[in-house]
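Report on the structure given below.
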Amino acid sequence: MAGSRIAAVAGVRPQRVVGNDELGRGLGVTAEWIERRVGVRERRFAGAEETVTGMAAGAAAKALSAAGLAPVDVDLLVLATCSMPSPMPSGAASVAALLGVPHVAAFDVNAACAGFCYALGVADGLVRARTSRVALVIGAERMTDWVDRDDVDTATVFADGAGAAVVVADERVGIHPVEWGGDGDKAGLVAIPDRYGSVTMQGQAVYRWVTSELTAVAAAACARAGIAPADLKGFVTHQANLRMIERLATGLGATNAAVARDVVETGNTSAASVPLALSRLIDLGQVRPGDPILLMGFGAGLSYAAQVITCP
């Protein structure tokens, strides 16, 4: 099989910016306490008109334009999300209709915060097999719909947004094999207990799992790409917690990589966090076309996925 690559990536952030001062007043904590604990200074909350599918379509349209393609060119659409208001119909089908391409293959992937990397792995395989030629891979979330606004452990972290990547066929490998898996025995550490519930999270236990288990996953993804961590030019992990991100980068030995710290301005947007952080890294000029970048998502499930890509 031939290869695939990301042709472009783009993001959409809701208009409303919520700083720590505003959030902290309702929770009885200070802005400094929030930033010290999770590394977030501000985040975006979606308004009534900024739906999961609407934000996803907006990010997808921006990515297609950046790639010099039109919606009619797309033959596969994979939406990573865990925050749709209803399980049916799929969000992907609605996004395809919003883009004006209702007859493409379209389906959702729910691997929570690892969702974008899971969806990218699936799209890469289908494009390499030439089942698809142009795929849209989107991570989009309205996590604020599923957060208890009085729960300091989750309300200070989760936010909303969408990011999208265009994946196209290429004779070279621009998306390397995905290293993925999970630990279902720990699935209850991050969960929504029922359809009327809110996100619950045992933050310290998740932090220990990430920092003790996932450095090896990142190293394995590099090995599958035939690259040493020190040769990475970018490191984009799920934007869960700033201390967690920095500890992973240090543990991996990604000494020459620009590390995405989008969590500071955007918060934890679950499946949207990796493409949003990647698009910001590109927009800031911290990575350049052709640079090797490690993407890694992790979260509820507990699930994880990582792959090295070539920067578009």
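Since the structure is predicted, the reported quantities are computational estimates derived from the model, not experimental observations.
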Validation row: [X], [Y] side chains within 4.5 angstrom (heavy atoms):
X: Val38; Y: Leu242; answer: no
X: Trp146; Y: Thr144; answer: no
X: Leu99; Y: Val74; answer: no
X: Asp262; Y: Ser273; answer: no
X: Glu35; Y: Val40; answer: no
X: Arg261; Y: Glu246; answer: yes
X: Met296; Y: Tyr304; answer: no
X: Val166; Y: Val168; answer: yes

Out of curiosity, [X] [atom1] to [Y] [atom2], how far, rounded to the nearest 0.5 Å?
X: Cys311; Y: Arg288; atom1: SG; atom2: CZ; result: 10.0 Å
X: Leu276; Y: Ser270; atom1: CG; atom2: OG; result: 11.5 Å
X: Leu214; Y: Arg247; atom1: CG; atom2: CZ; result: 11.5 Å
X: Lys233; Y: Ile227; atom1: NZ; atom2: CD1; result: 9.0 Å
X: Glu32; Y: Ile34; atom1: CD; atom2: CD1; result: 9.0 Å
X: Leu294; Y: Asp231; atom1: CG; atom2: CG; result: 12.5 Å

Starting from the C-alpha separation in whole Å, work towards a yes-or-no answer on side-chain contact (heavy atoms from CB on, under 4.5 Å) for Arg224 and His176.
CA-CA 7 Å; Arg224 298 198 74 173; His176 291 274; 5.9 Å; no
If we count only N and O atoms by modelled type, under 3.5 Å, do the side chains of [X] and [Y] hold a donor and an acceptor together?
X: Glu141; Y: Ser83; result: yes
X: Thr266; Y: Arg13; result: yes
X: Ser4; Y: Asp124; result: yes

Is the backbone N or O of [Y] less than 3.5 Å from a side-chain atom of [X], with the two atoms forming a donor-acceptor pair by type?
X: Thr81; Y: Ala140; answer: yes
X: Ser132; Y: Val127; answer: no
X: Asp73; Y: Ala70; answer: yes
X: Gln15; Y: Gly47; answer: no
X: Gln202; Y: Val190; answer: no

Evaluation steps, side-chain contact (heavy atoms from CB on, under 4.5 Å), between Ile138 and Leu77
CA-CA 8 Å; Ile138 311 166; Leu77 192 155; 4.0 Å; yes
Neighbour count above 12 (heavy atom, 6.0 Å) for Glu171 CD
no
Crowding at CZ, Arg41 (>12 non-hydrogen neighbours, <6.0 Å):
no
So, are [X] and [Y] salt-bridged, with charged N and O less than 4.0 Å apart?
X: Arg5; Y: Asp170; value: yes
X: Asp283; Y: Arg280; value: no
X: Asp145; Y: Arg142; value: yes

The side-chain contact (heavy atoms from CB on, under 4.5 Å) partner of Val147 among Thr156, Thr154, Ile192 is Thr154
Ignoring hydrogens, what is the shortest heavy-atom contact between [X] and [Y]? Give both atom names and the distance.
X: Ala92; Y: Asp108; answer: N-OD1, 2.8 Å
X: Leu232; Y: Ala254; answer: CD1-CB, 4.4 Å
X: Pro14; Y: Gly161; answer: CD-CA, 3.9 Å
X: Ala159; Y: Arg44; answer: CB-O, 3.4 Å
X: Leu136; Y: Ala60; answer: CD1-CB, 3.9 Å
X: Ala230; Y: Thr255; answer: CB-OG1, 4.0 Å

Can the positive tip of Arg149 be found less than 6.0 Å from the middle of the six-membered ring of Phe158, inside 45° of the ring normal?
no
Taking side-chain hydrogen bond (donor to acceptor under 3.5 Å, both in side chains) as the definition, give me every residue that meets it alongside Asn20, ordered by chain and number, with sequence neighbours left out.
Arg43
Pairs flagged by ring-ring contact (aromatic ring centres under 6.0 Å, His included) wherever residues 236-259 is involved - sequence neighbours left out:
His238-Phe298
Before you tell me yes or no, could you show the steps for Val210 and Asn241 under side-chain contact (heavy atoms from CB on, under 4.5 Å), namely the whole-Å CA-CA distance, both residues' side-chain angles and the distance that decides it to 0.1 Å?
CA-CA 11 Å; Val210 170; Asn241 176 299; over 6 Å; no
Please determine whether residues [X] and [Y] belong to a single hydrophobic cluster, defined as Ile, Leu, Val, Met, Phe, Trp and Tyr linked transitively by side-chain heavy-atom distances below 4.5 Å.
X: Val308; Y: Val236; answer: no
X: Val274; Y: Val78; answer: no
X: Leu64; Y: Leu98; answer: no
X: Ile309; Y: Val178; answer: no
X: Val52; Y: Phe45; answer: no

Check the pair Val152 / Val29 against side-chain contact (heavy atoms from CB on, under 4.5 Å), numbers first and verdict last.
CA-CA 8 Å; Val152 72; Val29 296; 4.2 Å; yes
Centroid separation under 6.0 Å, is that true for the rings of Trp180 and Tyr118?
yes
